[in-house]
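The block underneath contains the structure these notes are about, expressed in structure tokens.
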Amino acid sequence: MKITALVENKSDGELKAKHGLSQYIETSSRKILFDVGPDNTLFQNAAARGIDLSQIDTVVISHGHIDHGGALKRFLQINSTARIYIQKQAFEPHYSKLLCFRWNIGLDAMLEQHPQVVVVCGDYQIDDKLQLFTVDQPDRFYSSANDVLYDANGKDRFLHEQNLMIREGEGVLVMGCGHAGIINILEKAKASGYAPGVCVGGYHLFDPITRQTVSTALLDALAKELKKYSEIEFYTCHCTGTKAFRYLSKKVPKLHYLSCGETIETEP
């Protein structure tokens, strides 16, 4: 399996960096996009790498924020066959709020009716190798970077967020922002009997609105828990933030950063 970051906040090569996320995943039988980023960056970077997005057969939108699903409308204009898996609540309004200011960060609700979109509610089995799951108890190891995020009912509890388990080779767990908490997500996967060798995704430890990183107390607690998963190679990105990553990587030897354009290959 190959995983390539096509949209990510940081680029160490020729690809364009952008605040957002899109991972291109090639398995033995699937061509997958996990998130599509906010804008045309996905299409520019895919073309630069010779990746034909019209051949994608599976798209997973991790949650209802524009930096992960903003390019979906254009993707559907160039790909007429892929199935798009997204939680129903992801199409509800989502906002970022600070003091008296409010920004709409939601998805295009009109796309819910698109014939290629598969609206799911909670855990969902795509096939024998691909499974989506949600976390309904996100309170442990809560990230203060979530404090500015709201839905139509108040503070967001991220029931619109889903994660992907890929049961091939050593197994891969893919997350978007990990708003529900990386440890809570890992524990839900473990409870289902899933033990991946690789985990890819953001941990949402940096707030791009306030420019603040979470407390060192939370980072220390996360590092302690992550080290318990000694069998997993962790690749983080996007909303973890540079400061938090540098701090955690000193304490968690198997934690790496996956920048835009970088590719990882898993064991068969």
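Given the structure is predicted, the values throughout are model-derived calculations rather than measurements.
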Worksheet entry | Stepwise side chain to side chain donor-acceptor pair (under 3.5 Å) check, S28 with K129 | CA-CA 10 Å; S28 61; K129 292 183 178 180; 3.3 Å; yes
Discussion item. Rounded at 0.5 Å granularity, tell me how far SG in C199 sits from NZ in K254.
Written reply: 12.5 Å
Response to the item:
Interatomic distance, CZ@F91 vs CG@D108, rounded to 0.5 Å, equals 8.0 Å
Worksheet item: Can the positive tip of K243 be found less than 6.0 Å from the middle of the six-membered ring of F206, inside 45° of the ring normal?
Response: no
Worksheet item: How about Y150 and Y95: are their ring centroids closer than 6.0 Å?
Response: no
Practice prompt. Report the relative orientation of the aromatic rings in H65 and F158; use parallel for angles under 30°, tilted for 30 to 60°, perpendicular for over 60°.
Written response: perpendicular
Fill in: Nearest heavy-atom neighbours spanning A17 and N9
CB-O, 3.3 Å
Worksheet item: Are the side chain of R102 and the backbone N or O of S96 linked by a donor-acceptor pair below 3.5 Å?
Response: no
Item to complete: Answer yes if the side chains of S62 and D35 hold a donor-acceptor pair under 3.5 Å, and no otherwise.
Response: yes
Fill in: Same apolar cluster (I L V M F W Y, side chains within < 4.5 Å links), L111/I61
yes
Worksheet item: Do the non-hydrogen side-chain atoms of F141 and I182 ever get within less than 4.5 Å of each other?
Response: no
Item to complete: Please assess F133 against M165 for the test side chain to side chain contact (heavy atoms under 4.5 Å, CB included), listing each intermediate value before the final yes or no.
Response: CA-CA 8 Å; F133 71 96; M165 293 189 290; 3.5 Å; yes
Item to complete: Could you tell me which non-hydrogen atom of F43 sits nearest to which non-hydrogen atom of F75, and how far apart they are?
Response: CZ-N, 3.6 Å
Discussion item. Using only atom types and a distance under 3.5 Å, with no angle test, would you say the side chain of S249 pairs donor to acceptor with the backbone of F245?
Written reply: yes
Worksheet, complete the sentence: Of all heavy-atom pairs linking A71 and D39, the shortest is CB-O, 3.3 Å
Practice prompt. Check the pair N45 / Y24 against side chain to side chain donor-acceptor pair (under 3.5 Å), numbers first and verdict last.
Written response: CA-CA 11 Å; N45 287 347; Y24 172 64; over 6 Å; no
Fill in: Connected via hydrophobic side-chain network under 4.5 Å: Y257 and I264
no
Fill in: Side-chain heavy atoms of D207 within contact of V148, under 4.5 Å
yes
Worksheet item: Are the side chains of I105 and D67 in touch, meaning some heavy atoms are under 4.5 Å apart?
Response: no
Fill in: I86 CD1 to Q89 CD distance, which is reported to the nearest 0.5 Å
11.5 Å
Discussion item. In this structure, is the centre-to-centre distance between the rings of H238 and H68 below 6.0 Å?
Written reply: yes
Worksheet item: Is any side-chain heavy atom of E26 closer than 4.5 Å to a side-chain heavy atom of M1?
Response: no
Response to the item:
Looking only at heavy atoms, the pair that brings L15 and A5 closest together is CD1-O, 4.4 Å
Item to complete: Applying side-chain contact (heavy atoms from CB on, under 4.5 Å) between L33 and each of L42, N79, T58, report the one that passes.
Response: L42
Worksheet item: Is any side-chain heavy atom of V60 less than 4.5 Å from a side-chain heavy atom of Q162?
Response: yes
Worksheet item: Do V174 and I126 belong to the same hydrophobic cluster, where Ile, Leu, Val, Met, Phe, Trp and Tyr are linked whenever their side-chain heavy atoms lie under 4.5 Å apart, directly or via other members?
Response: yes
Worksheet item: Counting N and O atoms only, with roles assigned by atom type, does the side chain of S143 sit under 3.5 Å from a partner on the main chain of H204, one being a donor and the other an acceptor?
Response: yes
Worksheet item: Are L21 and V36 connected, step by step, through hydrophobic side chains (Ile, Leu, Val, Met, Phe, Trp, Tyr) whose heavy atoms are closer than 4.5 Å?
Response: no
Discussion item. To check you understand the geometry: which heavy-atom pair defines the closest contact between G202 and M175, and what is its length?
Written reply: O-CE, 3.5 Å
Worksheet item: Can you check whether M110's main-chain N or O pairs, donor with acceptor, with Q113's side chain at less than 3.5 Å?
Response: no
Worksheet entry | Basic-acidic side-chain contact under 4.0 Å: E8, K16 | no
Worksheet item: Is any side-chain N of the basic residue among K190 and E187 closer than 4.0 Å to the acidic one's carboxylate O?
Response: no
Worksheet item: Does the S230 side chain pair with the main chain of K227, one donor and one acceptor, at a distance under 3.5 Å?
Response: no
Discussion item. Working note: W103 + L98, criterion side chain to side chain contact (heavy atoms under 4.5 Å, CB included); need CA distance, chi angles, decisive distance, verdict.
Written reply: CA-CA 9 Å; W103 298 267; L98 182 64; 3.9 Å; yes
Fill in: Backbone N/O of H160 and side chain of E92: donor-acceptor pair under 3.5 Å
no
Worksheet item: Are Y235 and F34 joined in one hydrophobic group, where the rule is that I, L, V, M, F, W and Y side chains link up if heavy atoms are under 4.5 Å apart?
Response: yes
Item to complete: Would you check if the side chain of E267 reaches a backbone N or O of E170 as a donor-acceptor pair within less than 3.5 Å?
Response: no
Fill in: Within-4.5 Å side-chain heavy-atom neighbours: V59 and I32
no
Worksheet entry | Pair D123 + K188: basic N to acidic O under 4.0 Å | yes
Worksheet item: Near R167 CZ, under 6.0 Å, is it more than 12 heavy atoms from other residues, nucleotides or ligands?
Response: yes
Worksheet item: Would L255 and Y203 satisfy side chain to side chain contact (heavy atoms under 4.5 Å, CB included), going step by step from the backbone distance to the final call?
Response: CA-CA 12 Å; L255 178 65; Y203 302 165; 3.7 Å; yes
Worksheet item: How about D220 and Y247: do any of their side-chain heavy atoms sit closer than 4.5 Å?
Response: yes
Worksheet item: Are the side chains of H63 and Q87 in touch, meaning some heavy atoms are under 4.5 Å apart?
Response: no
Worksheet item: Any salt bridge between K31 and D57, counting N to O under 4.0 Å?
Response: no
Worksheet, complete the sentence: Distance col, row L226:CG vs L186:CG, nearest 0.5 angstrom, shows 7.0 Å
Worksheet item: So, the side chain of S259 versus the backbone of E262: is there a donor-acceptor pair under 3.5 Å, distance only?
Response: no
Worksheet entry | Residue pair I84, L72: steps toward the side chain to side chain contact (heavy atoms under 4.5 Å, CB included) verdict | CA-CA 9 Å; I84 319 298; L72 182 56; 3.9 Å; yes
Worksheet item: Which of these passes side-chain contact (heavy atoms from CB on, under 4.5 Å) with T266: V200, V172, I166?
Response: V172
Worksheet item: Going through the checks in order, is the side chain to side chain donor-acceptor pair (under 3.5 Å) test met by H94 and D151?
Response: CA-CA 4 Å; H94 292 94; D151 59 23; 5.3 Å; no
Response to the item:
Closest non-hydrogen atoms of L107 and A90, given as atom of the first, atom of the second and distance, are CD1-O, 3.8 Å
Worksheet item: For the atom pair CG (N184) and CD (E225), what is the distance rounded to the nearest 0.5 Å?
Response: 10.0 Å
Response to the item:
Taken to the nearest 0.5 Å, the spacing of L130 CG from L164 CG works out to 5.5 Å
Worksheet entry | N-O pairing of E112 and K88 below 4.0 Å | yes
